[in-house]
Colleague: 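Quick one: this structure, given as structure tokens, is what I'll be asking you about.
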Amino acid sequence: MKANELRRKFIDWFVKNYNHKEIPGASLIPENDPTVLFTTAGMHPLVPFLLGEKHPAGTRLVDVQRCIRTGDIDSVGDRTHLTFFEMLGNWSLGDYFKNEAIEMSFLFLTSPQSEGGLGIPMERLSVSCFAGDNDAPRDEEAASIWESHGFKKHVDGEALSGGEIYFYSKKENWWGPAGQTGPCGPDTEIYYITEKEKCPNCDKNGISCDCHKCVEIWNNVFMQYNKNEDGSFVELAQKNVDTGMGLERTLFILNGFHSNYDSELFLPITSELRLLGGYELSEENIRNERICADHLRTSTFILGDELGIPPSNTDQGYILRRLIRRAICAGMKLGIENDFCRKIAGIVVKEYGTVYPTLLDKQEFIFAEMAGEEEKFRRTLVKGLDVLKKAILKNAGKEGGKVSEVFGVDFVFDMFQTFGFPVEMTIEELKNAGYAESEAEVEALKADFERDFCKHQELSRAGAEQKFAGGLADHSEVVTRYHTATHLLHKALRMVLGDHVQQRGSNLTAERLRFDFSHPSPMTPEQIAEVEKIVNDQIEKALPVSCMEMSVDEAKSLGAIGLFENKYGNSVKVYKVGDDDNWFSMEICGG
Ligand code: SER
């Protein structure tokens, strides 16, 4: 089965059999949600609706959401972990709950392909449910629904037989909240058993064992709690279902492949890498090949997003830069020495362009940024090698000594900080120059380095957390005000600069609002002052804010501004600032 067919089958299953409405996936770079750098799950763009706001498309939705998760970046290279993936999701916003959700999933997985299902034999599937703790009870309800479909509770010590129910703690079987507070709940996860032979840890760990013989393919979250600021969990008035099925993983298990990288989504990329590098297919080379393929695919999607950004030293741009640079280092280990990021991006754009046409619209930008970043990084690497050579010359005569004693950990760390040299590379160069270091000593040096590096990362993470402390979920009132202010600003900019001004994105924290818009030249100080005055005057008036639902045509005829793209079908929400007959701003807005 190909990715296109799987995407289509999933959507059709829920639209045709269970009356869901298909909605488009959101941008990878979240708008108006300062709690995350990237969309990490299908639920992020839907948080307002999980909290009770009415969704214009109704209470049963289905979508394909592009997601980025860098938390597991060190696991990339194994058979299942990716930094970018597509998540197939069905949603109940206060509509159906556990019974229907489990039945819908079970039938999709096991019904014959001729009837629209995936035709997976039940003995290949096992599931997990929440074991219960002080915050919420053991999810016997979900388990008994699985039992009604023929599953049996796992008996400790028995082999992985398939058709079983396991119970795990919060770490495994709980999802959310997205920020510090918000909707969350127990989940039930569906695993595909690729091999029944156990590893030594399988008895203890069951289907979630990190040998990954069992691959988690689908998560059904029952969002029935709200986590409050005091840490307590309170039952939500609206009970939701949020499910996420991994497209890449499901594709590989359905086709009987060994890993994500064996499907048509990755094969053109890895074939090109093999052509460029001409390397042997050793275990280490395969790992580096996968890192290159994964990171460059993710980078292409970040650059080619509708809100795509270039590499930089902050926020999303920093993650993008690290991904590209990690890919270049992995590529060097494969013997790929020149301009390859742009080539791989070209393959990603070609393979995904029909599904995600924005990649085609933005291909020039993607290619230029990929090539620019690679060139910049390679120049830094050349400078780094020069510094390394000088350090070697300076220490001439000490050959045979140990790297850690002659050069020291600080030197190795500095090579990374200043020149982006991975620790292994520095040590390898020094060993080539005749310095001795046993494997054990190299490992010790690496551990020292990792410790320093983690400290450094923790600092930047603490910085980022502080920056994003004003999360949407936690300071909602301030953020709501700033959101209204973006509507005032949008209107004022059009009054001062002209009607060509269009919103291009916005980002809010409790400390500030950011608003991106289109205008061909920088604003003059006078224009800025005029816009400020208009916005402040309107705030002074304490105008009422109201929201209406109407058709796109009606909104246009009333003179509303905003994006008229048919985002959620024909019905849109229109926010008005001002009185009925004397309003200041009227704007279409999904947020
Ligand atoms: N939010 C859940 C997850 O990301 C299900 O979609 O796994």
Side-chain angles (χ1 to χ4, degrees), residues 6-7 10-11 13-14 20 22-26 28 30 33 35-51 55 60-72 75 80-93 95-98 100-102 104-106 108-109 127-130 136 139 142 168-192 207-208 212 214-227 236 238-250 260 298 472-473:
L6 180 54
R7 289 189 197 97
F10 186 89
I11 300 283
W13 182 260
F14 288 95
H20 285 55
E22 180 179 357
I23 59 165
L28 267 176
D33 185 351
T35 60
V36 282
L37 288 176
F38 291 105
T39 299
T40 59
M43 71 164 288
H44 280 298
L46 291 169
V47 164
F49 309 104
L50 294 166
L51 286 170
H55 195 290
R60 293 179 174 218
L61 312 175
V62 59
D63 65 1
V64 182
Q65 178 61 54
R66 286 154 289 153
C67 300
I68 288 188
R69 289 187 191 171
T70 51
D72 289 331
S75 303
T80 57
H81 287 92
L82 298 169
T83 55
F84 168 89
F85 61 97
E86 290 174 80
M87 195 184 256
L88 308 165
N90 59 290
W91 305 86
S92 156
L93 302 172
D95 192 315
Y96 58 83
F97 205 45
K98 295 184 188 179
E100 297 90 330
I102 290 177
M104 291 171 189
S105 303
F106 174 72
F108 180 59
L109 291 167
V127 300
S128 62
C129 296
F130 178 53
D139 201 350
Y168 294 116
S169 67
K170 257 211 185 82
K171 188 172 156 280
E172 297 287 343
N173 278 87
W174 188 274
W175 179 268
Q180 296 298 309
T181 60
C184 55
D187 63 40
T188 182
E189 301 185 351
I190 304 168
Y191 286 74
Y192 181 89
I207 47 174
S208 83
H212 296 306
C214 302
V215 179
E216 185 205 334
I217 52 171
W218 202 349
N219 188 6
N220 278 17
V221 186
F222 307 118
M223 294 213 154
Q224 63 189 106
Y225 295 95
N226 194 62
K227 186 175 181 195
L236 277 175
Q238 172 180 308
K239 294 188 171 47
N240 311 291
V241 173
D242 148 19
T243 92
M245 177 185 237
L247 175 88
E248 290 83 350
R249 286 183 181 187
T250 308
N260 283 322
T298 307
L472 191 64

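The first residue in the sequence is number 1, and the count goes up from there. Ligands are counted one by one from 1 in listed order, and the atoms in each one are counted from 1 as well. All values below come from the heavy atoms of this structure, side chains included, with hydrogens, waters and symmetry mates left out.
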Colleague: Sub-3.5 Å donor-acceptor pair from the side chain of Q65 to the main-chain atoms of A26, do we have one?
Modeller: yes
Colleague: Looking only at atom types and distance, does a side-chain atom of N260 sit under 3.5 Å from a main-chain N or O of T80, one as donor and one as acceptor?
Modeller: yes
Colleague: What protein heavy atom sits nearest atom 1 (N) of ligand 1, and how far off is it?
Modeller: D242 OD2, 2.8 Å
Colleague: Which of the atoms in ligand 1, numbered in the order shown and given with their element, are less than 4.0 Å from a heavy-atom of V221?
Modeller: 2 (C), 5 (C)
Colleague: I'd like to know if the side chain of W13 pairs up with that of N90 as donor and acceptor (distance under 3.5 Å, no hydrogens or angles considered).
Modeller: no
Colleague: Of all the non-hydrogen atoms in the protein, which one sits nearest to atom 4 (O) of ligand 1, and at what distance?
Modeller: R69 NH2, 2.9 Å
Colleague: Considering non-hydrogen atoms of the protein only, which is the closest contact for atom 7 (O) of ligand 1, and what is the distance?
Modeller: N219 ND2, 3.1 Å
Colleague: Measure centre to centre between the rings of F10 and H20, then say whether the value is under 6.0 Å.
Modeller: no
Colleague: With heavy atoms under 4.0 Å as the rule, classify the contact between T243 and ligand 1 as side chain, backbone, both or neither.
Modeller: backbone
Colleague: Please could you name the atoms of ligand 1 that A41 approaches to less than 4.0 Å, counting only its heavy atoms?
Modeller: 4 (O)
Colleague: Students often mix this up, so state it plainly: with edges at 30° and 60°, are the rings of W218 and F108 parallel, tilted or perpendicular?
Modeller: perpendicular
